[in-house]
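This report refers to the structure that appears directly beneath it.
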Amino acid sequence: MLDIELIRQDTEYVQDALAVRGTEFNIEKIINLDKQRRDLLKETEGLKAKRNTTSKNIGRMENDEDRSSLVADMRKVGEKISQLDQQVRGTESKLNALMLELPNIPDADTPQGTNDSDNVTIKVFGKENDFNFTPKPHWELGSDLGIIDFERGVKLSGSRFYVLNNAGARLQRALISFMLDLHTRQGYSECYLPFMVKEVNFTTAGQLPKFSDNIYHDVEDDAWFVTTAEVPLTNLHRDEILENDTLPLYYTAYTPCFRREKVTAGKEVRGIKRGHQFDKVEMYALTHPEESYKVLEKMLADAEETCIKLGLRYRVRRLCSGDLGFGSRITYDIEVWAPGCNEWLEVSSVSNCGDFQSRRANTRFRPKKGAKSKYLHTLNGSGLGVPRTLIAVLENNQRQDGTITIPEVLRPWMSGEDSIG
RNA sequence: GGAGGGAUGGCCGAGUGGACUAAGGCGGUUGUCUUGAAAACAACUGUGGGGGAAACCUCACCGGGGGUUCGAAUCCCUCUCCCUCCGCCA
């Protein structure tokens with residue numbers, strides 16, 4: 001959510017700043033509703049003040065005649081008030097609905113562009129693996145080794161679901177444990193979250209109202225399946241005022257992620273790259289406004305370290321304005337190289353949302369004892385998406401005979417074994 | 001799923017239609033006293049919105065929403081959550 005005061009006072013700036021996202025937004029309508037709201041408030045509150053003092057006087061009055069005449073007057077005032085209140089409510093809900101549809105203002109450092117081809121690669125780390133054979137894609141490796149079962153996944157749940165067996169299942173669990181332990185050492189506190197949350201959590205995090213098509217939910221119980229741990233984490237401190245010295249707060253959490261993505265079958269969804277259910281370890285931070293850019297760099301470095309420790313070749317890209325997420329001001333993507341699929345796979349998105357989510361969530365901090373509370377900044381970053389990391393681990397560590405070398409850092413969770421197959 | 005009991009400020013807790021401008025206590029902040037601290041005493045001590053250059057004025061908020069009334073923490077309806085008991089259950 002943007003600051004209505006900013007929109008009011010610097011309308012042109014907001015209009016221009018949002019335009020770089022490539023969509024038009026009706027700021028003027030918001031300005032008008034805001035004006036209308038304040039005018040109505042002035043009127044209705046004046047009447048309420050009058051009624052309050054008069055009602056107090058009525059309680060003290062002895063003279064029945066004066067009394068009943070005032071009561072009659074106030075009855076009329078009351079009718080006018082409830083009429084105006086209704087108008088206020090109507091105006092506010094219209095205004096709020098429009099405000100919720102405005103995305104965040106991209107940071108000055110976010111490059112302008114229209115789609116992912118305009119994203120800017122700022123770093124490539126690691127050398128290309130020197131295979132003296134043609135590396136296989138993971139769907140071949142996985143099927144041959146009996147660790148990924150696509151057919152039975154489809155039997156159970158339909159297309160884009162799979163079953164992991166034996167070393168495949170263990171390797172995924174190893175990755176999750178490795179990531180959580182690493183992030184804990186990096187200063188994040190681990191938490192286990194509900195995988196179903198109420199609708200309001202999605203609005204707060206900025207996934208609703210815009211992305212309702214992508215979320216699985218049960219209407220009867222107001223239970224919405226998380227699309228990312230970012231959603232519950234954004235709401236962990238909803239409606240709270242945090243003490244100054246508790247910031248920054250760092251969290252890490254593993255959750256499955258459920259997404260009703262409507263991507264047509266084909267190269268984009270081959271293998272385990274894009275399922276309706278996938279695991280992810282998330283990093284999240286709540287910070288002072290003036291610290292969020294420093295924390296953004298820390299979180300990027302922390303996500304990179306995950307790739308480095310796993311021995312994966314990766315690149316870092318800065319997303320352009322047209323590819324930027326709804327709530328983000330600035331985002332780095334990390335992509336790892338998968339030699340079997342022959343492509344870069346996005347395994348992490350690290351974003352600074354500024355106060356966009358904290359306004360929606362009403363999460364504030366108090367800069368000093370007795371001072372006015374302020375909205376804090378929130379950041380999120382994957383650390384990392386598990387299936388794609390698994391793909392990269394399998395494809396990069398394959399040997400000519402189809403077996404896999406298990407990366408050293410994962411062996412503690414693989415009973416010390418050094419290979420699969 | 002059934003029956004009953006609850007929800008009041010940072011915390012405890014009083015409050016059944018008009019002085020609630022929410023008692024009292026605890027906690028917190030500041031001050032007096034003190035070499036310093038403790039104790040004692042005193043004052044202050046919620047959130048958000050609107051107006052205003054500011055001082056300040058004003059509105060709303062006693063779990064959420066709606067209603068009755070000139071006037072609601074208080075009465076009515078409804079929802080949520082918590083507790084106790086019964087049933088069911090991995």
Side-chain angles (χ1 to χ4, degrees), chain A residues 1-9 30-100 192-204 217-224 232 235-247 249 256 286 355-376:
Chain A
M1 186 103 80
L2 300 181
D3 185 358
I4 185 70
E5 217 159 308
L6 177 70
I7 296 177
R8 201 186 289 154
Q9 282 164 8
I30 288 178
I31 296 281
N32 290 338
L33 283 169
D34 175 54
K35 177 85 172 80
Q36 192 183 329
R37 170 179 170 273
R38 284 183 300 152
D39 288 347
L40 284 167
L41 275 182
K42 240 185 279 184
E43 194 180 352
T44 186
E45 285 180 2
L47 290 175
K48 280 180 185 174
K50 183 178 170 193
R51 182 178 65 179
N52 284 348
T53 49
T54 309
S55 290
K56 245 167 227 160
N57 288 335
I58 289 172
R60 287 193 278 258
M61 286 176 80
E62 313 262 316
N63 184 327
D64 277 354
E65 233 169 84
D66 294 353
R67 190 187 158 102
S68 55
S69 125
L70 275 182
V71 166
D73 285 355
M74 285 309 107
R75 187 176 297 140
K76 280 198 200 99
V77 171
E79 276 161 20
K80 182 70 183 165
I81 287 173
S82 56
Q83 214 176 69
L84 285 167
D85 272 349
Q86 212 169 339
Q87 287 180 49
V88 170
R89 257 176 275 161
T91 305
E92 276 181 347
S93 75
K94 270 187 235 160
L95 177 62
N96 195 246
L98 288 179
M99 288 294 286
L100 286 175
Y192 170 84
L193 302 160
F195 300 158
M196 295 188 291
V197 296
K198 293 193 245 180
E199 179 179 5
V200 60
N201 294 274
F202 282 84
T203 306
T204 299
H217 69 279
D218 179 275
V219 192
E220 236 173 281
D221 287 328
D222 190 17
W224 296 60
N235 287 273
L236 212 50
H237 295 287
R238 166 156 44 87
D239 294 321
E240 290 182 26
I241 300 175
L242 302 171
E243 285 311 316
N244 187 61
D245 55 10
T246 59
L247 298 179
L249 281 173
L286 301 95
D355 62 10
F356 187 81
Q357 289 179 326
S358 68
R359 279 181 190 281
R360 290 174 168 240
N362 191 29
T363 311
R364 294 162 294 167
F365 74 102
R366 206 178 291 289
K368 262 188 204 156
K369 262 234 139 80
K372 201 170 147 63
S373 60
K374 288 175 69 178
Y375 292 109
L376 44 76

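Here is the naming used below: chain letters follow the sequence lines, and residue numbers restart at 1 for every chain. Computation of the quantities below employed the complete heavy-atom set of this structure, encompassing side-chain atoms and omitting hydrogens, waters and symmetry-equivalent molecules.
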Could you work out the separation of G51(B) and G9(B) based on their P atoms and round it to a whole Å? 30 Å
Can you check whether V200(A)'s main-chain N or O pairs, donor with acceptor, with T204(A)'s side chain at less than 3.5 Å? yes
Given atom CZ of R366(A) and atom P of G10(B), what is their separation to the nearest angstrom? 9 Å
Between G31(B) and G48(B), how far apart are the P atoms? Round to whole Å, please. 26 Å
Using the side-chain heavy atoms of S373(A), tell me which of these nucleotides is nearest: G48(B), G51(B), C70(B). G48(B)
Is there a side-chain contact between F195(A) and P256(A) in this structure, where contact means two heavy atoms from C-beta onward sitting under 4.5 Å apart? yes
Can you tell me the Watson-Crick or wobble partner of G1(B), both distances under 3.5 angstrom? C86(B)
Relative to the 5' end of RNA chain B, which residue comes earlier, L70(A) or N57(A), by the nucleotide with the nearest heavy atom? N57(A)
Do Y375(A) and N362(A) have side-chain heavy atoms sitting under 4.5 Å apart? yes
Taking any strand in view, what nucleotide pairs with A22(B) in a Watson-Crick or G-U wobble way, both distances under 3.5 Å? none
May I have the distance from I81(A) (atom CD1) to U69(B) (atom C1'), rounded to whole angstrom? 13 Å
From CG of D239(A) over to P of G64(B), roughly how many Å is that when rounded to an integer? 11 Å
Using whole Å, what does the distance between atom C1' of nucleotide U29(B) and atom CD of E243(A) come to? 13 Å
Whole-Å distance, N52(A) CG to A19(B) P, equals 13 Å
When you measure from the side chain of L41(A), which nucleotide among U21(B), G49(B), G48(B) comes out closest? G49(B)
Describe the nucleic acid contact of D73(A) in one word from base, sugar-phosphate, nothing, applying a heavy-atom distance below 4.0 Å. nothing
When all nucleic acid strands are considered with a 4.0 Å heavy-atom cut-off, which category describes S68(A): base, sugar-phosphate, or nothing? nothing
Could you give the CE-to-C1' distance, from M1(A) to G48(B), as a whole number of Å? 14 Å
Within the structure, does a side-chain N or O atom of R38(A) lie under 4.0 Å from either OP1 or OP2 of G51(B)? yes
In whole angstroms, the gap separating P of A60(B) from CG of L84(A) amounts to 14 Å
Say we look at A22(B) and G63(B): how far apart would their P atoms be, to the nearest angstrom? 16 Å
For the side chain of K56(A), counting heavy atoms from C-beta on, which of U21(B), G51(B), C59(B) is nearest? U21(B)
Using atom P of each nucleotide, how far apart are C62(B) and U8(B) to the nearest Å? 12 Å
Determine which nucleotide pairs with U32(B), using a 3.5 Å limit on both distances of a Watson-Crick or G-U wobble pair. A40(B)
What interatomic distance, in whole Å, is found between C1' of C20(B) and the corresponding atom of G71(B)? 13 Å
Between A60(B), U21(B), U47(B), which nucleotide gets closest to the side-chain atoms of R364(A)? U47(B)
Determine the Euclidean distance between corresponding C1' atoms of A43(B) and U47(B); express it in Å to zero decimal places. 23 Å
Residue mapping more 5' on RNA chain B - nearest nucleotide basis, I241(A) or G46(A): I241(A)
Can you tell me, in whole Å, how much space there is between the P of G64(B) and that of C11(B)? 14 Å
Side chain of I58(A), heavy atoms from C-beta onward: which of G50(B), G18(B), C59(B) has the nearest atom to it? G18(B)
Is there a donor and acceptor pair, one atom on the side chain of E45(A) and one on the base of G49(B), closer than 3.5 Å? yes
Please give the nucleotide sitting opposite A60(B) as a Watson-Crick or G-U wobble pair, both distances under 3.5 Å, or none. U47(B)
Do L376(A) and H237(A) make a side-chain contact, defined as non-hydrogen atoms from C-beta onward lying under 4.5 Å apart? no
Counting N and O atoms only, with roles assigned by atom type, does the side chain of R37(A) sit under 3.5 Å from a partner on the main chain of T91(A), one being a donor and the other an acceptor? no
Quick check against the 3.5 Å criterion: does N201(A) have a side-chain atom that pairs as donor or acceptor with the backbone of K198(A)? yes
Please verify the inter-ring angle class for W224(A) with H217(A); under 30° counts as parallel, over 60° as perpendicular, anything in between as tilted. parallel
Measuring from the side chain of R75(A) (C-beta onward, heavy atoms only), which nucleotide among U47(B), C59(B), C70(B) has the closest atom? C70(B)
Distance in angstrom units between E5(A) CD and G50(B) P, rounded: 7 Å
With heavy atoms under 4.0 Å as the rule, sort R67(A) into base, sugar-phosphate or nothing. base
Between G18(B), U21(B), U47(B), spot the one nearest the side chain of S55(A), thanks. G18(B)
State whether the side chain of T363(A) and the backbone N or O of R359(A) hold a donor-acceptor pair below 3.5 Å, judged by distance alone. no
Provide the distance between the two P atoms, one in C61(B) and one in C44(B), to the nearest whole Å. 25 Å
Answer with base, sugar-phosphate or nothing: what part of the nucleic acid does R359(A) contact at a heavy-atom distance below 4.0 Å? nothing
The Watson-Crick or G-U wobble partner of U16(B), with both key distances under 3.5 Å, is none
Give the nucleotide from the list G48(B), C70(B), G66(B) with an atom nearest to the side chain of R51(A). C70(B)
